[in-house]
Amino acid sequence: MRADRLVLALFGVDATLNIIAAGTENKALDWATKPILIPLLALWFWLAARQRGLRATPGILAALGFSTLGDIALQNEGTAWFISGMVLFLGAHVCYITTFVRNGALSRLRAMPMLLVPVGYLVFLVTALTLLWPALAEVGLAVPMAGYGLALTGTAALSSAFGWRTALGGGLFLLSDLLIAVRVADAFTIPGPPIWVMLTYALAQFLLAWGWLDRQARAAA
């Protein structure tokens, strides 16, 4: 089996185990699987790019690196760890946004109907913050969440300029972190087992990496 496909399979197994850990609230399994989840994805991205004769985009690798550190920070309890994780994920979104802008995302989104995408995301962000603001303010996270939300929305909007894979990945990333905000604010109970944050997050990161790799391959063809 090719190395990139083997690593992708390992990523899939690790993601599945981590989702099970979230659903069963198994902290030992969570610690065993989550810290290596995004490094496996980054390794796959690098190997798959080499397999196709491409250079793995540094900005995407940096985003995955910041995400790994953010995942580890969020494994720990407490407001300081949560804010540290948020700052690290902010770094990931800055890397995504910078990569997308440098590759022409803004020019692609200026024309209709693509312009409706960032407008729609901005309306969604304002609505979500309006609904969650009182509860987030009670725990002192309203302003940090608003700032982080802007960067997260930037990733979601700009990712839509490069095809359905990155677009879906950016949208799922926004949804995943919205679910975290809902949980932190204790705004309402999300039905079903507590797997939705990790399920949407793992899919989001994979789709962003896969979509960008596909975009690189098409640009090089």
Side-chain angles (χ1 to χ4, degrees), residues 1-20 22 33-71 88-89 91-106 108-109 114 117-118 121 151-179 195-221:
M1 181 182 290
R2 273 178 18 195
D4 58 325
R5 292 176 180 173
L6 175 59
V7 173
L8 183 59
L10 291 173
F11 169 78
V13 170
D14 190 71
T16 301
L17 289 173
N18 189 253
I19 291 167
I20 291 171
T33 54
K34 192 172 184 180
I36 63 171
L37 180 66
I38 301 305
L40 284 171
L41 181 62
L43 179 58
W44 168 78
F45 181 74
W46 182 74
L47 289 171
R50 287 190 62 190
Q51 179 68 32
R52 300 187 187 196
L54 303 170
R55 176 172 176 259
T57 305
I60 302 299
L61 290 174
L64 296 174
F66 274 111
S67 297
T68 298
L69 296 175
D71 281 340
L88 288 164
F89 272 106
H93 289 298
V94 169
C95 292
Y96 277 128
I97 288 169
T98 301
T99 300
F100 295 154
V101 169
R102 285 178 175 173
N103 286 273
L106 291 177
R108 292 170 182 239
L109 293 176
M114 290 299 293
V117 176
Y121 272 124
L152 176 61
T153 302
T155 295
L158 293 169
S159 67
S160 65
F162 301 104
W164 71 267
R165 296 174 183 85
T166 53
L168 182 56
L172 285 173
F173 213 142
L174 179 61
L175 175 59
S176 178
D177 281 2
L178 175 63
L179 293 175
I195 64 171
W196 307 114
V197 170
M198 281 310 302
L199 180 61
T200 51
Y201 172 70
L203 281 172
Q205 293 278 33
F206 169 66
L207 285 166
L208 283 168
W210 181 30
W212 191 257
L213 188 63
D214 181 70
R215 182 259 172 197
Q216 278 189 280
R218 284 187 281 108

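- By the 4.5 Å heavy-atom criterion applied to side chains, Asn103 and Arg215 are counted as neighbours.
- Between atom CG of residue Leu152 and atom CD1 of residue Ile97 there is a gap of 8.5 Å, rounded to the nearest 0.5 Å.
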Margin query: For a side chain to side chain contact (heavy atoms under 4.5 Å, CB included) check, start with the C-alpha distance between Phe100 and Thr155, then their side-chain angles and the critical distance, and finish with the verdict.
Written below: CA-CA 8 Å; Phe100 295 154; Thr155 295; 4.3 Å; yes

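- Here the CH2-CG distance, from Trp210 to Asp214, works out to 7.5 Å after rounding to the nearest 0.5 Å.
- Contact record, Phe11 with Ala202: CZ-O, 4.0 Å, taken as the closest heavy-atom pair.
- Residues Lys34 and Asp14 fail the side-chain proximity criterion, which asks for heavy atoms closer than 4.5 Å.
- Checked by atom type and distance alone, the side chain of Arg108 pairs as donor or acceptor with a backbone atom of Ala161 at under 3.5 Å.
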Can you give the donor-acceptor pairs under 3.5 Å from side chains of residues 44-61 to other protein atoms, not counting sequence neighbours?
from  : atom 1 : to     : atom 2 : distance (Å)
Thr57 : OG1    : Trp212 : NE1    : 2.8
Thr57 : OG1    : Gln216 : OE1    : 3.3
Thr57 : OG1    : Gln216 : NE2    : 3.3

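- The closest side-chain heavy-atom distance from Thr33 to Leu37 is not below 4.5 Å.
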Next item on the list: Give the intermediate values and the outcome of side chain to side chain contact (heavy atoms under 4.5 Å, CB included) for residues Leu208 and Arg165.
Entry: CA-CA 7 Å; Leu208 283 168; Arg165 296 174 183 85; over 6 Å; no

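- Two residues are said to be in side-chain contact when any heavy atoms from C-beta on lie closer than 4.5 Å; Thr16 and Ile20 meet this criterion.
- In terms of heavy-atom proximity, Leu109 sits nearest to Ser160 at CD2-OG, 3.6 Å.
- A distance-only check finds a donor-acceptor pair linking the side chain of Ser176 to the backbone of Val197 [under 3.5 Å].
- Closest of all the heavy-atom pairs between Ala63 and Ala92 is O-CB, 3.4 Å.
- With a 4.5 Å cut-off on side-chain heavy atoms, Tyr96 and Leu158 do not count as touching.
- Residue Leu43 holds its CG atom at 12.5 Å from CD1 of Ile38, rounded to the nearest 0.5 Å.
- Evaluation of the ring-ring contact (aromatic ring centres under 6.0 Å, His included) rule for Phe173 yields His93, Tyr201 as partners, not counting sequence neighbours.
- Residues Asp71 and Phe89 form a side-chain contact, since some pair of their non-hydrogen atoms from C-beta on lies under 4.5 Å apart.
- A distance of 12.5 Å separates CG in Leu10 from CG in Leu41, rounded to the nearest 0.5 Å.
- Of the possible donor and acceptor atoms, one in the side chain of Ser159 sits under 3.5 Å from a partner among the backbone N and O of Thr166.
- Scanning both residues, Ala156 and Gly170, for their nearest heavy atoms gives CB-O, 3.4 Å.
- Leu203 CG to Leu172 CG: the interatomic distance, rounded to the nearest 0.5 Å, is 6.0 Å.
- Contact detail for Leu64 and Ala42: the closest heavy-atom pair is CD1-CA, 3.6 Å.
- Within the model, atoms CZ of Arg102 and OG1 of Thr99 stand 7.0 Å from one another, a figure rounded to the nearest 0.5 Å.
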